Amino acid sequence: MSSLDNLNDQQKDGALCTEGPLLILAGAGSGKTSTITHRIAYLIRERGVAPYRILAVTFTNKAAKEMRDRLERMVGDASSMWILTFHSACMRILRMEHIYTGYSSSFTVYDPQDQKAVVKRILKEKNIDEKAISPAYILSVISSCKGVDKSYEEWRDENMDLPHNEKVYEVAKEYDRVLKNNNSMDFDDLLLNTVRLFKEHKEVLKKYQDRFSYVTVDEYQDTNFIQYMIVKMLSESHRNICVVGDDDQSIYQWRGADIRNILDFEKDFKNAKVVKLEENYRSTGNILKGANSVIRNNFDRKEKSLWTKKEEGEKIKYFRLDDDREEAHYTASEISRLVGTKGYGYKSFAVLYRNNAQSRRLEEAMVRRGIPYRIFGSIRYYERKEIKDILSYMRLVANPNEGESLLRILNVPKRGIGEKTLEKIQGYASAKNISLFESLHEEEVLSSLSDKQGKEIRSFIAAIDSISEEKDYVPILKVYERLLKETGYLDALLLEKTVEAEARIDNLMEFKSVIIETEKENQNINLTEFLETMVLVKEEILTQDEDDYVSLMTLHSSKGLEFPVVFITGMENGLFPSRRKLYDSSEMEEERRLCYVGMTRAKEKLYLLSANVRMLYGNMDYSEESVFIDEIDKSVLEGDYRRESKKAVRDGYSGTQYNPFEPVKKEMKSYEQEFASGDFVSHKKFGEGRVIEVTPPTITVIFQSEGVKKLALGIAPLERLKKEG
DNA sequence: TTTTATGGCCTTTTT
DNA sequence: GGCCATAAAA
């Protein structure tokens, strides 16, 4: 069970070193999670440490959950241990210690969308053109200041040469004021306010130092300065601090992660013990060799040599397809083939991509082949409009004076409250120094509205007030259902009668199961706590009908996971590595590390795919293959690297010219027979035309010469052509 | 004054 | 392809 027998010598070394600072440099797949979970289990079982004295910090909720599950299997009940992300740990602390912070315990957490809305509103108020200073830029300044605990004044003075530094400064200041007034924090505030709390109230810091006598930090290479401060402060008194990381897997420098944290650990924590884990247990020899040959091109790294006892295994496969659609269909057909002939379960597969926009095509292909899949990461369920809307309603009920939520949904569904009316009400509210929501109750405001507006608003506030009243006494599900019904949100969607509206309704119904699950998992959770969970835990908690599915996710979110078969799609310059990083060597190195992370997720089979032509941001682009393909040791690569096929595309794309794999050929054909309306097609007899609609078993096409024809799908000699170019 | 329709613009990765 | 700002319509 928690026996250390199945650890190797180095792992054992790490697991047994419980006192004093410890740095575990763990290469990809070297059993790092296993080492730290065994270490914690050892602390509890052999050294008699109480579980509640242990703090383990991770970066993602997925990693936290994984660690908790493993520990539960080893030591039984792990519920009193804090195994959390930095952000959730800080949120917990700030909520418990809220009396010191100037926030109430029910503070709201703003996600990036909320942040952007606030900044935009401030820009508008200050009459600053968004094109002159983009909200994204301001937010990046705000975030980088908060990440190193720098005041905006300092930033302004350091950047006198920047054109808008004074205005950026003002907006940032105002931004913080708005958040504070709304009793809310952004992600960076959660960390920063914790550090401030610890600095200003030593007794609070001491309380947590005393409680957490053993601190573990996973993915230490991705910590920023403020996270480093938290770790350092918490472990200062006892120095039982264990950090795990790999400089080759540092992929979050763009958001302020500071690689020096791991490189300087031995300086920061005197007499630290260092353990290196270099044996890879995950990947076959060829995959590891390929990944090593890529990462070797980075100059800025600690030299290390990952090795494996495993057999060489299959070579890494690289294929260049004609376009992104082919890439997706090839991926899907290859998954089907492997499931059908090699006995793989769908769970064995991961399809990785550089940015979330790429998931659409892949999703389509999975659907067409009936492959169960799950998208992790950012087309997040929680970022869908209807979910954000209903969450805003719930926030409003929990915290009626929080202005941002109200602003979001006051006119959703449409209540006839436009910009002018809103300004009028806001003017009234600030003159009287009351909240926006309170001002809606004032007779003076209500009577100034038109009949229709007045009616809508009266019923709106009546609904919110009535639901607020009982929010602490009824299940969250009840609050949710009443909101949907009584605010008119659901009715408005029902009235739309469009496909989109139906999809939204489906999502809203699905959200019920999220609520039910969450309430089941967390007994007696109140509305505020529920909402907090929703902001930080962005992964789908949805109950799956299927638990055997292919995982689709970004390269970033794949970190820490492993799969027997991995596809990395979009291996093209400009996409991966990203176009904006091509000309900066340190940013290129981060892209390369990302490639390394992706490749080392694979245990048995690794596919790298690229497309000649890709639909990006609405238009077709030709692309060249990624420099990373070039860097892979050719002795472990098979397929068609260095294949110049742009010409073929220009000479007449047919979509069938290229079949990378003999066994797949048939399947490739079968999807070639599938069409969607809008596709350009070519018919043996009728020439070129365009698909009007597809209604199996027939397809309707309008031909240039022959006009509209109804044809039999699968029988008519039709071929799909490239879409408009 | 609000709502709807059209056209131009950008486009990464996450807690 | 989607967001947002502006212009036309209700």
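What you see below is based on every heavy atom in this structure, not just the backbone, and it leaves out hydrogens, waters and symmetry mates. The shown structure was predicted, so the numbers you read here are calculated from the model rather than taken from an experiment.
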Student: How close or far is atom C1' of C/dC4 from atom CD of A/Glu419, stated in whole angstroms?
Tutor: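 Rounded to the whole Å, the gap is 13 Å.
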
Student: Who passes ring pair (Phe, Tyr, Trp, His ring centres under 6.0 Å) against A/Phe563, sequence neighbours left out?
Tutor: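 Not a single residue meets the ring pair (Phe, Tyr, Trp, His ring centres under 6.0 Å) criterion with A/Phe563.
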
Student: Return the polar atom pairs (N/O with N/O) between nucleotides 8-10 of chain C and the protein under 3.5 Å, or none.
Tutor:
none

Student: Can you tell me if A/Ser557 touches the phosphate of B/dT14, counting only side-chain N or O atoms and a distance under 4.0 Å to OP1 or OP2?
Tutor: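 For B/dT14, OP1/OP2 do have a side-chain N/O of A/Ser557 under 4.0 Å.
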
Student: Round to the nearest Å and state the distance from A/Leu192 atom CG to B/dT15 atom P.
Tutor: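 The distance from CG of A/Leu192 to P of B/dT15 comes to 20 Å, rounded to the nearest Å.
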
Student: Rounded to the Å, how far apart are A/Gln358 CD and C/dG1 C1'?
Tutor: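 Rounding to the nearest Å, CD of A/Gln358 and C1' of C/dG1 are 14 Å apart.
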
Student: Taking for each residue the nucleotide of DNA chain B with the nearest heavy atom, is it A/Asn355 or A/Gln115 whose nucleotide lies nearer the 5' end?
Tutor: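 That would be A/Asn355.
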
Student: Please list, chain by chain and in numerical order, all residues satisfying ring pair (Phe, Tyr, Trp, His ring centres under 6.0 Å) with A/Phe576, sequence neighbours excluded.
Tutor: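 Once residues adjacent in sequence are excluded, the partners of A/Phe576 under the ring pair (Phe, Tyr, Trp, His ring centres under 6.0 Å) criterion are A/Phe628.
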
Student: Students often get this wrong, so: under 4.0 angstrom with heavy atoms, is A/Phe86 touching a base, only sugar-phosphate, or nothing?
Tutor: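 Since no nucleic acid heavy atom lies under 4.0 Å of A/Phe86, the category is nothing.
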
Student: For the C1' atoms, the ones on C/dC4 and on B/dT13, what distance do you get once it is rounded to whole angstrom?
Tutor: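 Straight-line distance between the two C1' atoms is 24 Å.
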
Student: Just so I know, are the side chains of A/Asn193 and A/Tyr103 near enough to count as touching, which here means a heavy-atom distance under 4.5 Å?
Tutor: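 In contact.
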
Student: When the distance from CE of A/Met615 to P of C/dG2 is rounded to whole Å, what number comes out?
Tutor: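 Checked: the CE to P distance equals 11 Å.
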
Student: Verify the contact: side-chain N or O of A/Asn356 to OP1 or OP2 of B/dT13, cut-off strictly under 4.0 Å; return yes or no.
Tutor: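 A/Asn356 to B/dT13 OP1/OP2: side-chain N or O found under 4.0 Å.
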
Student: Over how many whole Å does the gap from A/Asn573 atom CG to B/dT12 atom C1' extend?
Tutor: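 Those two atoms, CG and C1', are 16 Å apart.
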
Student: Can you list every stem that DNA chain B is part of, counting only runs of 3 or more consecutive Watson-Crick or G-U wobble pairs with both distances under 3.5 Å?
Tutor: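 The stems are B:1-10 with C:1-10.
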
Student: On the nucleotide B/dT14, are OP1 or OP2 found under 4.0 Å from the side-chain N or O atoms that A/Thr554 carries?
Tutor: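 Yes, such a contact exists.
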
Student: With a cut-off of 6.0 Å (strictly less than), are more than 12 heavy atoms of other residues, nucleotides or ligands near NZ of A/Lys424?
Tutor: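 Result for NZ/A/Lys424: enclosed.
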
Student: Send over the distance from A/Lys116 NZ to C/dA5 P, rounded to a whole Å.
Tutor: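 Rounding to the nearest Å, NZ of A/Lys116 and P of C/dA5 are 9 Å apart.
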
Student: With a 4.0 Å cutoff (strictly under), does any side-chain N or O of A/Arg360 reach OP1 or OP2 of C/dG2?
Tutor: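 Yes, such a contact exists.
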
Student: Roughly, in whole Å, what's the span from CD1 in A/Ile251 to P in B/dT12?
Tutor: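 Between P of B/dT12 and CD1 of A/Ile251: 17 Å.
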
Student: If you measure from the Lys or Arg side-chain nitrogens to the Asp or Glu carboxylate oxygens, is any gap between A/Arg592 and A/Glu631 under 4.0 Å?
Tutor: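 Yes.
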
Student: Specify the residues of residues 408-418 of chain A, ordered by number, for which at least one heavy atom lies under 4.0 angstrom from an atom of DNA chain B.
Tutor: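 DNA chain B contact set from residues 408-418 of chain A: A/Asn411, A/Lys414, A/Gly416, A/Gly418.
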
Student: Quick one: label A/Arg580 by what it contacts on the DNA or RNA (base, sugar-phosphate, nothing), any heavy atom closer than 4.0 Å.
Tutor: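 The residue A/Arg580 makes base contact.
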
Student: What contact category does A/Glu590 fall into here, base, sugar-phosphate, or nothing, at under 4.0 angstrom with non-hydrogen atoms?
Tutor: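 Counting heavy atoms under 4.0 Å across all strands, no contact is made by A/Glu590.
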
Student: Using every non-hydrogen atom in the two residues, find where A/Lys581 and A/Met588 come nearest and quote the distance to one decimal.
Tutor: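 In this case the closest contact between A/Lys581 and A/Met588 is O-CG, 3.4 Å.
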
Student: What residues, two or more places apart in sequence or in another chain, satisfy side chain to side chain donor-acceptor pair (under 3.5 Å) together with A/Asn411?
Tutor: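 A/Asn411 satisfies side chain to side chain donor-acceptor pair (under 3.5 Å) with no other residue.
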
Student: Considering only heavy atoms from C-beta outward, does the side chain of A/Met91 approach that of A/Val109 to under 4.5 Å?
Tutor: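 Contact flag for A/Met91/A/Val109 side chains = yes.
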
Student: Which residues pass the side chain to side chain donor-acceptor pair (under 3.5 Å) test with A/Tyr208, not counting sequence neighbours?
Tutor: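 A/Tyr208: side chain to side chain donor-acceptor pair (under 3.5 Å) contacts with A/Glu97.
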
Student: Pull out every protein N or O sitting under 3.5 Å from an N or O of nucleotides 5-10 of chain B, one pair per line with the distance.
Tutor:
none

Student: For A/Phe59, what residues pass the ring pair (Phe, Tyr, Trp, His ring centres under 6.0 Å) criterion, not counting sequence neighbours?
Tutor: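 In terms of ring pair (Phe, Tyr, Trp, His ring centres under 6.0 Å), with neighbours along the sequence ignored, A/Phe59 is linked to A/Phe86.
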
Student: When you get a sec, tell me which of C/dC4, B/dT15, B/dT12 is the closest nucleotide to the side chain of A/Arg354?
Tutor: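 Within the option list, the nearest is B/dT12.
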
Student: May I have the distance from A/Leu94 (atom CG) to B/dT15 (atom C1'), rounded to whole angstrom?
Tutor: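 Distance, rounded to whole Å: 15 Å.
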
Student: Ion pair present between A/Arg580 and A/Glu587, side-chain N to carboxylate O less than 4.0 angstrom?
Tutor: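 A salt bridge is absent here (no side-chain N lies under 4.0 Å from a carboxylate O).
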
Student: Using the aromatic ring of A/Trp254 (for Trp, its six-membered ring), decide whether it stacks on the base of B/dT13 within the limits of 5.5 Å and 30°.
Tutor: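 Answer is yes, a stack.
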
Student: In this structure, which one of A/Asp389, A/Asp114, A/Asp111 forms a salt bridge (Lys or Arg N to Asp or Glu O under 4.0 Å) with A/Arg395?
Tutor: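 It is A/Asp114; the other options fail the test.
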
Student: Restricting to side chain to side chain donor-acceptor pair (under 3.5 Å), what partner residues turn up for A/Asp176, sequence neighbours left out?
Tutor: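 Expected list: A/Lys146, A/Tyr152.
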
Student: Under 4.0 Å, heavy atoms only, any strand: does A/Lys120 hit a base, just the sugar-phosphate, or nothing?
Tutor: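 It contacts sugar-phosphate atoms only.
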
Student: Can you sort out the partners of A/Tyr220 under ring pair (Phe, Tyr, Trp, His ring centres under 6.0 Å), two or more places apart, ordered by chain and number?
Tutor: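 Residues passing ring pair (Phe, Tyr, Trp, His ring centres under 6.0 Å) with A/Tyr220: A/Phe265.
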
Student: Can you name the side chain to side chain contact (heavy atoms under 4.5 Å, CB included) partners of A/Asp248, sequence neighbours left out?
Tutor: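 By the side chain to side chain contact (heavy atoms under 4.5 Å, CB included) rule, A/Asp248 matches A/Asp246, A/Ile295, A/Arg301, A/Lys304, A/Tyr596.
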
